[in-house]
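In what follows, a single structure is set out as structure tokens and then discussed.
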Amino acid sequence: MKGYNPYNKGRWYRIFIESDGNDITITESDLNCEISAGYMKMPKGFHIIDEMMDIHSIEGGTAANIGFINRIYADGIQATDLPPVKNFDYAYVYVFGYIE
């Protein structure tokens, strides 16, 4: 029996985000995504398979857990949560997935 490999379909995308302590901005991205209420919304038809973050954390925010919570909106768009805006100044977000 063959093993299932979810990484056979899709590729890694890299998104660079920055925080000024009040807002998160996408500075560079392989995807046409957007920030909405602490989540990064993927383009319509995008399927999230996996994700990782390289966060440059800073002092001053409150303690926070980062646990990769995915959200699915009523229109079918998928999103991933982001670190709290006051806890970092920049981060690389890596998302593995594919567009239908």
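In what follows, every heavy atom counts, from backbone to side chain, and hydrogens, waters and symmetry copies are set aside. Numbers here are sequence positions counted from 1.
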Side chain proximity check, Val95 to Ile48, heavy atoms < 4.5 angstrom: yes

N/O donor-acceptor pair under 3.5 Å between Thr80 side chain and Met40 backbone: no

Nearest-0.5 Å distance that lies between atom CD1 in Ile55 and atom CG in Asp89: 11.0 Å

His56 ring center within less than 6.0 Å of Phe88 ring center: no

Pairing residues for Glu59 by the side-chain hydrogen bond (donor to acceptor under 3.5 Å, both in side chains) criterion, not counting sequence neighbours: none

More than 12 heavy atoms of other groups within 6.0 Å of Asn70 CG: yes

Ile17/Leu82 under side chain to side chain contact (heavy atoms under 4.5 Å, CB included): CA gap, chis, key distance, verdict: CA-CA 10 Å; Ile17 59 173; Leu82 296 172; 3.9 Å; yes

Within 6.0 angstrom of Lys44 NZ, more than 12 heavy atoms from elsewhere: yes

Note, Tyr39 side chain near Ile69 side chain (heavy atom, < 4.5 Å): yes

Aromatic plane relationship, Tyr90 with Phe16 - under 30° parallel, 30 to 60° tilted, over 60° perpendicular: tilted

Tyr7 and Phe96 aromatic centres sub-6.0 Å: yes

Sequence neighbours excluded, every pair satisfying salt bridge (charged side-chain N to carboxylate O under 4.0 Å, His left out) that has a member inside residues 14-41: Arg14-Glu28

